[in-house]
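What follows is one structure encoded as structure tokens, with my remarks underneath.
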2 protein chains.
Amino acid sequence: MADSTDGQTAAAVAFLLAQLGEHAAAKFAERIESLELTPAHAGVLRLVSVRPGCSQQVLAGALGALPSKVVALVDELQRRGLVERRRNPADRRLHALHLTDEGEEMLRRVRSAAETHGAELTRALDPEQRGHLADLLGRIAADQGLQPGVHPGYQRLRR
Amino acid sequence: MADSTDGQTAAAVAFLLAQLGEHAAAKFAERIESLELTPAHAGVLRLVSVRPGCSQQVLAGALGALPSKVVALVDELQRRGLVERRRNPADRRLHALHLTDEGEEMLRRVRSAAETHGAELTRALDPEQRGHLADLLGRIAADQGLQPGVHPGYQRLRR
DNA sequence: TATTGTTATACTCTATAACTATA
DNA sequence: TATAGTTATAGAGTATAACAATA
């Protein structure tokens, strides 16, 4: 069944993914604007929560962002009391990153916003269809070698 | 079944869409690099083909791009003999845009690249799953008010 | 006066590369 | 000498606004 119709379907799927991906990212950014966070900020909070004590280099690698960008992001989040930089006594070059209690609270709000965002985005589907869609997208993501939960493209790499 | 599990599924779908959308857009851009086209160029070719004789203003609106950007894109495509600007005798301010034969040929190559791209992106799915995915994504796109076939996000609006 | 297309300019962002402090 | 983090700078890309031609 790898006929011309299927080829067009595949192309249409790719187009829809690009279109919806842009839409989803823009809507999410809009939604966390009220928290005065950008998607990049949210990515930092999430990753520091998952890997407490990680260095800024590790963070840059996982986010796909430049170290210099990470400095600015962490500066901002630290200034607002959401993350802490702790010197590592064993290697004083490293900054171990941790969420403060306020940071944890903010992350809960981000997660809540993400759920509302997801519900709004997929409101045209019933729960069964939503589950099916998650499955199909997960298969593609795994096949394409995308890291689960890591950097949706907040980074502008461009090589 | 609108329970906490479903809420997490919805959030996961939104995340996957953003992640896969970025991936799909990047891969497509890579694929048409060999044609020395950017996604924005491809968008112009496609739209001029669909709406032959359209003005640059109309094009800018449909692409979600700035008029000044459209000028640069059309300049480049005209220089390469892919599109023509024809003065409209009725209103000499307007440039009616048309594809040349070379432009038509280039668009065929872009469409072929898009099919290969789609097949590669969705290779983890069988044709039935691919069709199902196209259906689910189409429902969301329609519900979210996205124009079919129009601007996947090549524009950087940001407002 | 309003609109199309164009050009010029200002601005934002990103990437690169220097610099410091530690190792 | 090499690495983490930081700062400064250059470059790319975008949006804004001025402009000429036509209506």
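Chain naming here is simple, since letters A, B, ... match the order of the sequence lines and numbering starts at 1 in each.
- Between C/dG5, D/dG5, D/dA17, one nucleotide has an atom nearer to the side chain of B/Val71 than all others, and that is C/dG5.
- Under the ring pair (Phe, Tyr, Trp, His ring centres under 6.0 Å) criterion, the residue pairs touching residues 93-126 of chain B are B/Phe28-B/His117, with sequence neighbours excluded.
- Between the NZ atom of A/Lys69 and the P atom of D/dT7 there is a distance of 16 Å, given to the nearest Å.
- Per the geometry, CG belonging to B/Leu94 stands 13 Å off C1' belonging to C/dA2, to the nearest Å.
- Note: CG (A/Leu66) to P (C/dT16) measures 7 Å, nearest angstrom.
- The phosphate of C/dT4 has neither OP1 nor OP2 within less than 4.0 Å of any side-chain N or O from B/Arg85.
- When rounded to the nearest whole Å, the span between CD of A/Gln56 and P of D/dA4 equals 11 Å.
- Per the geometry, CG belonging to B/Leu73 stands 14 Å off P belonging to C/dG5, to the nearest Å.
- Taking 4.0 Å as the cut-off between side-chain N and carboxylate O, A/Arg79 and A/Asp75 do not count as a salt-bridged pair.
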Original post:
Step by step, would you call A/Leu146 with A/Ile140 a side chain to side chain contact (heavy atoms under 4.5 Å, CB included)?
Top reply: CA-CA 9 Å; A/Leu146 301 183; A/Ile140 295 179; over 6 Å; no
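- Scanning for ring-ring contact (aromatic ring centres under 6.0 Å, His included) contacts around A/His132 gives B/His132, with sequence neighbours left out.
- Across the protein-nucleic acid pair, B/Gln57 atom CD and D/dA23 atom P stand 16 Å apart, rounded to whole Å.
- For B/Arg130 (side chain) and A/Ala10 (main-chain N/O), no donor-acceptor pair under 3.5 Å exists by modelled atom type.
- With respect to B/Glu76 and B/Arg80, a salt bridge is recorded, a charged nitrogen being found less than 4.0 Å from a carboxylate O.
- Nearest to the side-chain atoms of A/Ser68 among the listed nucleotides C/dG5, D/dA8, D/dG5 stands D/dA8.
- Note: CG (A/Leu59) to C1' (D/dA4) measures 13 Å, nearest angstrom.
- Within the 4.0 angstrom heavy-atom criterion, only backbone atoms of the sugar-phosphate kind lie near B/Ser55; the bases stay farther away.
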Between protein and nucleotides 21-23 of chain C, what N or O pairs are separated by less than 3.5 Å?
| unit_1 | atom_1 | unit_2 | atom_2 | d |
| --- | --- | --- | --- | --- |
| C/dA23 | OP1 | A/Arg92 | N | 3.0 |

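- No donor-acceptor pair under 3.5 Å is formed between the side chain of A/Ser112 and the backbone N or O of A/Arg108.
- D/dG5 atom C1' lies 11 Å from atom CG of A/Leu97, rounded to whole Å.
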